[in-house]
Protein chains: 2
Amino acid sequence: MGPTQEDVARRANVSRALVSLVLRDAPNVSAQSREKVLRAANELGYRPNAFARSLASKQVHTLGVLINDVTNPYFAAVYSSFATAAEAAGYDLLVAPGVRSAGKEGPLVNTLLEHRVAGLALLSPIMRTDTLREICTASPTVVIGRDVSFVENVDVVTTDERQAAKEVIAHLTDLGHTQIAHITGGANRSAHDREAAYVSTMREHQLQPLAVPGDFTEEGGKRGAAHLLRSKQRPTAVIAANDLCAVGAIGEFSRHGLSVPEEVSVVGYDDSQIAGLAMVQLTSVRQSIEQFGASALSMLIERIADPDIATRANRMPTELVVRTTTAMCQPAGANT
Amino acid sequence: MGPTQEDVARRANVSRALVSLVLRDAPNVSAQSREKVLRAANELGYRPNAFARSLASKQVHTLGVLINDVTNPYFAAVYSSFATAAEAAGYDLLVAPGVRSAGKEGPLVNTLLEHRVAGLALLSPIMRTDTLREICTASPTVVIGRDVSFVENVDVVTTDERQAAKEVIAHLTDLGHTQIAHITGGANRSAHDREAAYVSTMREHQLQPLAVPGDFTEEGGKRGAAHLLRSKQRPTAVIAANDLCAVGAIGEFSRHGLSVPEEVSVVGYDDSQIAGLAMVQLTSVRQSIEQFGASALSMLIERIADPDIATRANRMPTELVVRTTTAMCQPAGANT
DNA sequence: CTGAAAGCGCTTACAG
DNA sequence: CTGAAAGCGCTTACAG
């Protein structure tokens with residue numbers, strides 16, 4: 001298993017305790033012995049054993065991260081922002097790669113816990129609420145991307161769906177749209193939150209909401225658009241669950257001879273790479289993902305320091321990036 | 001720090017050793033005491049301490065992973081395939097999130113090593129070769145995405161660039177193209193390998209290679225295309241460093257009134273989500289990323305079992321996915 | 001500054 | 001099947 005402090009001590013002709021002191025940068029060590037120890041350690045290629053250290057000191061600087069679905073670039077970006085913040089704060093990360101399976105999340109988190117991580121960050125977990133409750137009891141926890149603020153002992157960072165919906169719908173009504181439909185992200189929690197925000201904001205505008213089922217993929221966007229094409233009252237604007245969904249909808253619309261944005265405006269969510277492509281230029285809701293990580297980490301660190309702190313929910317502001325897929329609503333007769 | 005085996009033993013009125021045996025599923029334990037122990041463990045919410053276990057048993061089932069750049073969906077996909085394989089094999093993953101900085105990779109790997117990981121997977125590391133050499137001495141290592149097969153004690157999994165270049169160029173020459181240019185991925189190792197494969201394959205076809213500088217972004221594709229538009233002998237086909245680069249090139253071409261694929265064919269690499277979009281439909285080289293992980297893991301496991309095994313390089317086959325951005329070369333005069 | 005000692009939570013023979 | 005004991009590599013007081 002490689003050299004130990006014992007080996008270093010022997011080589012440097014000093015006590016084991018001294019080695020430990022030097023290696024931890026303790027004060028009150030003569031420059032001479034410090035140097036002797038360091039040299040010996042170097043010659044031996046000594047590397048501290050993080051396990052033994054944690055065991056003895058009862059201190060850990062490893063955080064556990066559960067990712068809903070590693071393949072998804074969205075989660076990768078969220079993870080990245082968390083990882084950057086964590087590294088800056090001196091924490092190592094133990095990562096459990098989720099696979100979009102609610103049942104598997106429990107065991108994955110368990111592994112993290114067995115490694116005695118100091119705290120847990122859950123990225124858009126899809127586990128049941130009771131499982132989540134147990135976990136939050138076992139370890140300081142922060143949840144990103146799912147609003148579970150009703151659970152005790154857990155902080156959350158999410159997108160401010162209400163604000164986002166307000167901004168998108170205001171943009172569209174400013175352009176004269178009133179028939180504004182929503183293609184949903186499916187039957188999961190975050191899709192539901194987005195849809196709910198859409199519905200209530202539409203109502204605030206005295207507009208009739210129309211939500212059709214879709215999901216967070218191009219395919220879902222196609223399905224949703226097809227659905228809308230069949231509806232009696234065809235909308236003049238569509239808010240898709242995310243960019244991929246929006247792109248799918250646009251494709252389906254143009255396949256049916258409906259041009260975007262002339263005949264129908266389309267908005268996506270995420271402001272992903274795809275939205276910015278020159279050949280796409282999608283109007284999209286930008287979420288400040290980069291800030292998710294920093295916010296989550298600071299809350300987690302505070303909760304590690306004091307587990308009984310009151311729970312907090314940080315709903316991050318969004319920003320609408322207007323590109324070329326939204327335009328003035330055409331007068332009613334223009335289509336005919 | 002939560003209950004220990006000691007606590008469980010006390011509660012179940014048995015010896016500490018028995019608890020250990022039961023918890024490790026050892027044989028020769030009466031159903032009755034097993035049950036007693038399990039119940040006590042459950043009531044106490046006992047969770048084994050992975051550190052202590054590793055320390056005592058000198059066995060680890062944690063693997064370390066260094067990711068060049070977490071933000072990049074390409075690496076996320078590679079990571080994902082490795083993570084899936086590792087989980088299936090019963091390994092936990094400790095992840096070091098790289099930040100595209102050669103200098104930072106060393107320290108990150110060091111952290112991994114201090115956690116006494118059983119082995120290391122390096123995803124497209126950009127560190128210097130000597131750093132890599134040191135690391136490979138310290139721990140069983142597999143490198144994905146960078147051909148370092150000249151280093152001792154390390155296995156590698158990469159794309160078979162030669163085969164890919166052959167397939168792409170054969171496809172284009174079959175379509176009648178002879179002026180085939182390449183927009184490179186910049187001044188890094190993997191871009192260079194791709195370019196070299198392009199150049200030598202062109203030579204094998206007795207064709208004149210023309211490589212212009214770009215990078216792995218849409219912007220790089222634009223720059224490369226602009227460069228090509230200025231060249232005296234305008235190519236009829238372009239092989240871009242990756243999909244994003246290809247999309248950038250296509251945008252630049254159409255901005256200059258050159259239509260794809262009528263006047264110029266374009267091929268990308270990665271067969272990413274973008275390539276498959278209905279509005280893009282890019283011909284692209286598909287790399288079997290899903291298999292990278294499994295291949296890397298199995299080599300790593302073998303090397304953990306026997307560190308002195310001969311080094312292997314697994315160059316994964318690619319597959320050209322033909323979509324709508326490549327077409328027959330127009331007769332020379334057609335443009336005029 | 002040094003050295004001897006106890007302990008972190010667990011595993012591993014080993015004698016009963 | 002059980003119990004007492006040693007040890008994994010390190011940290012932490014504590015008396016010199």
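Convention: sequence-line order gives letters A, B, ...; per-chain numbering from 1.
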S.K.: Do the charged groups of A/E161 and A/R315 touch, with an N to O distance under 4.0 Å?
M.R.: no

S.K.: Have B/D92 and A/H115 got a donor and an acceptor in their side chains that come within less than 3.5 Å?
M.R.: yes

S.K.: Ring-plane angle category for A/F51 and B/F51, please: parallel below 30°, perpendicular beyond 60°, tilted otherwise.
M.R.: parallel

S.K.: Run the salt-bridge test on B/D7 and B/R10 with the 4.0 Å N-O cut-off and return the result as yes or no.
M.R.: yes

S.K.: Is the phosphate of D/dG7, meaning OP1 or OP2, less than 4.0 Å from a side-chain N or O of B/K58?
M.R.: no

S.K.: Rounding to a whole Å, what distance do you find between B/D7:CG and C/dC8:P?
M.R.: 11 Å

S.K.: Under 3.5 Å, is there a donor on one side chain and an acceptor on the other for A/R24 and A/S20?
M.R.: yes

S.K.: Taking only Watson-Crick and G-U wobble pairs with both distances under 3.5 Å, what dot-bracket line describes DNA chain C, where [ ] shows pairs that cross earlier ones and | shows pairs with another strand?
M.R.: |||.||||||||.|||

S.K.: For nucleotides 10-16 of chain C, give me one character per nucleotide, 5' to 3': B if any protein heavy atom sits under 4.0 Å from the base, S if the only such contacts are to the sugar-phosphate, - if neither.
M.R.: BBB----

S.K.: Should the pair B/R47-A/E114 be classified as a salt bridge under the 4.0 Å nitrogen-to-oxygen rule?
M.R.: no

S.K.: Before giving the answer on side chain to side chain donor-acceptor pair (under 3.5 Å), spell out for A/T159 and A/Q287 the whole-Å C-alpha distance, their side-chain angles and the decisive distance to 0.1 Å.
M.R.: CA-CA 7 Å; A/T159 293; A/Q287 309 181 58; 2.3 Å; yes

S.K.: Tell me whether A/R133 is salt-bridged to A/E152, with the criterion being a basic N under 4.0 Å from an acidic carboxylate O.
M.R.: no

S.K.: Could you tell me how far apart B/F51 (CZ) and D/dG7 (C1') are, to the nearest whole angstrom?
M.R.: 19 Å

